[in-house]
Amino acid sequence: MSVRTRFAPSPTGFLHIGGARTALYNWLFAKKNGGQFILRAEDTDAERSTEASLDVILDGLRWLGLEWDEGPGKDGPHGPYYQSQRTDIYDAYLAKLEAAGLTYEDEGAIRFRVPDKDITVNDLICGDVTVNLKETRSIGFDPETKTTLERNPDLVIKRPNGGYIFHFVNVVDDIEMKISHVIRGEDHLSNTVLHLALFEAFGEKPPVFAHIPLNLNENGSKMSKRDKGALIHEYIEAGFLPDAVNNYMALLGWSPKDDTEIFTPAELMDRFSMEGVNNGNSKFDYTKCVWVNAEHLKRLSPEDLNSNAAPFLEKAGISADDPRVTGALELARERAELLSEIPGVIDSIFTDDLDYDEPSIEKVQSISGIDDLMAALYRALEGVEDWAVDEIKASIKESAEGRGLKMGAYMLPCRVATMGSMKGPDLVPAMVLIGKEEVLGRVENFAELI
RNA sequence: GACCCGUUCGUCUAGCGGUCUAGGACUCCGCCCUUUCACGGCGGCAACACGGGUUCAAGUCCCGUACGGGUCGCCA
């Protein structure tokens, strides 16, 4: 049997990190086993579902690179992939239940008779979980008043307005779409017995279930969209690499069982397995996610670094086509953790109007004999014939030693003069990128300034 | 409240009865490297929720308790 997994988001207008991780696990599992990953829009609640709210989710998945084999925009043999367009199918399945006498009407709604027996979920991660639906569903709970109340245990599967309910369509679609493995959040574990009852009522063999632990926020409660790092579009804007986000999400609830922490998507696919999935919930750690991103940044090929950084450079007014960009990015990647930090590291290379950092100016001014030193520095740089790293260094060193100083004494003033700040990327390579003429201009400018 | 799932450093985790004076990673703190800031290297702080069993031996198995999470909708 071929492996078919699915991600079935409801179009809420947000791709939540938890949902994204569920999608990732499904995608990894399908790809690893040579199967298909199906995307299905669970838009049965017409009031909340709009095209735009689904697009946000699709865009997020595309950004992460979790392309689906069948789904919205990619037709396959089991479509349509919008539940709102599958009413005929649901009607047919409802008819089966009706024919078997397993349903009845209740105030305009249709209910499914829940069997009065123990049902066991053989979960790949949680093990065997047994529940008697009739018993457990007969007692309801009102969270407002914190009181229990008797209630009808039978499941509503169709609303009086004709709309079908999640549990029903979910099961029907999984049957129709030939889903082999249902990988989803543990919050669905309790519902799974209900789904199993439905599969049985349809006379269908249920898929394999794997309920993955939840991601909690820093406070240990369910992540809401207000928590930092909860929404995928935040990662896009903050300058994360999609592969880094996938990497971090994978690590939240799954372990390769060795000390490896940084993975390319291909490596993740290779290493991923259900055995490695943990059974305890995990708290989301934004700081570590940033670290993972920094690691990915360091490993990116120059071309990929360039293309990923491009939007952030453009936003900062730096043309990604500038021939100096590639070199500048090499200087930036070691000290930026996020793509969004890159322009701040290298923009002084590209600017025509350098800003000087006030504390840095003061620091240079406090150096005794700074005027002479600046003049000497200028001459040293001016004398460099071949404007390259080694030559520049050699010239500075020679000049410094001629004055009985170490090269380091020249470097701070030189840095502030050319880059505007004591902090910044590797200086001499940056100077090479800036160009001799511009550097000399900056040094001269700065000498007058102080 | 009922039912279900879970519990190793602050966080993510390794550990599947002896190799655990519990390993790695993030964070934090030192030191080194160094033209700054970083990177990097080295070192440090820090955990088996608790109580009973089982066993020659338990972080590892069992049972309780506590705590956390989830489900209990004509939301998904």
d(CG, A:L214; P, B:G69) in whole Å: 11 Å
May I ask which nucleotide in the shown strands pairs with B:C33, Watson-Crick or G-U wobble, both distances under 3.5 Å? none
Looking at every strand, decide which applies to A:N191 at a 4.0 Å heavy-atom threshold: base, sugar-phosphate, or nothing. base
Protein proximity profile, nucleotides 1-14 of chain B - base contact B, sugar-phosphate-only contact S, no contact -, cut-off 4.0 Å on heavy atoms: B-SSSSS---SBSS
So does A:R40 pair up with A:E42, basic N to acidic O under 4.0 Å? yes
State the pairing partner of B:C61; accept Watson-Crick or G-U wobble contacts with both distances under 3.5 Å, and report none otherwise. B:G53
Taking the same atom, P, in B:U21 and in B:U60, what whole-Å distance lies between them? 15 Å
Looking at B:C20, which nucleotide sits across from it as a Watson-Crick or G-U wobble partner, both distances under 3.5 angstrom, or is there none? none
Quote, to the nearest angstrom, the P distance that separates B:C31 from B:U36. 15 Å
Assigned glycosidic conformation for B:C39 [threshold 90° from 0]: syn
On a whole-Å scale, what distance lies between the P atoms belonging to B:U19 and B:U34? 43 Å
By the 4.0 Å heavy-atom rule, please label A:E135 as base, sugar-phosphate, or nothing. nothing
Given that both distances must come in under 3.5 Å, which nucleotide forms a Watson-Crick or G-U wobble pair with B:C3? B:G70
Across the strands shown, which category fits A:R151 at heavy-atom distances under 4.0 angstrom: base, sugar-phosphate, nothing? sugar-phosphate
To the nearest Å, give me how far apart CG (A:L94) and P (B:C74) are. 16 Å
Spacing of A:E144 atom CD relative to B:C72 atom C1', expressed in whole Å: 15 Å
Can you check the A:Y90 OH to B:C74 C1' distance for me, whole Å? 17 Å
Counting any heavy atom closer than 4.0 Å, what does A:H211 reach on the DNA or RNA strands: base, sugar-phosphate only, or nothing? nothing
Given the P atoms of B:C61 and B:G18, what is the spacing between them in whole Å? 11 Å
Can a cation-pi geometry be assigned to A:R86 and A:Y82, taking NZ or CZ under 6.0 Å from the six-membered ring centre and within 45° of the ring axis? no
If pairing requires Watson-Crick or G-U wobble contacts with both distances under 3.5 Å, which nucleotide is the partner of B:A38? none
Taking CG from A:N247 and C1' from B:C26, how many angstroms apart are they, rounded to a whole number? 13 Å
Rounded to whole angstrom, note down the C1' distance from B:C32 over to B:C39. 14 Å
Gap separating the CD atom of A:E444 from the CD atom of A:E382, nearest 0.5 angstrom: 9.0 Å
Between P of B:U35 and NZ of A:K406, the distance in whole Å: 8 Å
Please state how far atom CZ in A:R137 lies from atom P in B:G70, giving the value in whole angstrom units. 19 Å
Run the salt-bridge test on A:R4 and A:E70 with the 4.0 Å N-O cut-off and return the result as yes or no. yes
Go nucleotide by nucleotide along RNA chain B from the 5' end; which of A:T287 and A:Q83 gets its closest nucleotide reached first? A:T287
With sugar-phosphate taken as primed atoms, P, OP1 and OP2 and all else as base, the protein-contact string of nucleotides 36-50 of chain B at under 4.0 Å (heavy atoms; B, S, -) is BBBSS----------
CG-CG distance between A:N215 and A:L252, expressed to the nearest 0.5 angstrom: 4.0 Å
Under-4.0 Å salt bridge between A:R111 and A:D106: yes
Got a salt bridge between A:K96 and A:D91, using NZ or NE/NH1/NH2 to carboxylate O under 4.0 Å? no
Checking A:Y93 now: which residues fulfil ring-ring contact (aromatic ring centres under 6.0 Å, His included) with it, not counting sequence neighbours? A:F202
P-based separation of B:C37 from B:A25 [nearest Å]: 25 Å
Electrostatic pair A:K288:A:E261 at N-O distance under 4.0 angstrom: yes
Whole-angstrom distance between B:C67 and B:A49, as gauged at atom P: 16 Å
Look up atom CG in A:N247 and atom SG in A:C289, then write down how far apart they are to the nearest 0.5 Å. 9.0 Å
CE on A:M269 to CD on A:E267, rounded to 0.5 Å: 11.0 Å
Would you measure the distance from the P atom in B:A46 across to the matching atom in B:U11 and give it in whole Å? 16 Å
A:N132 CG to B:C72 P: how many Å, rounded? 17 Å
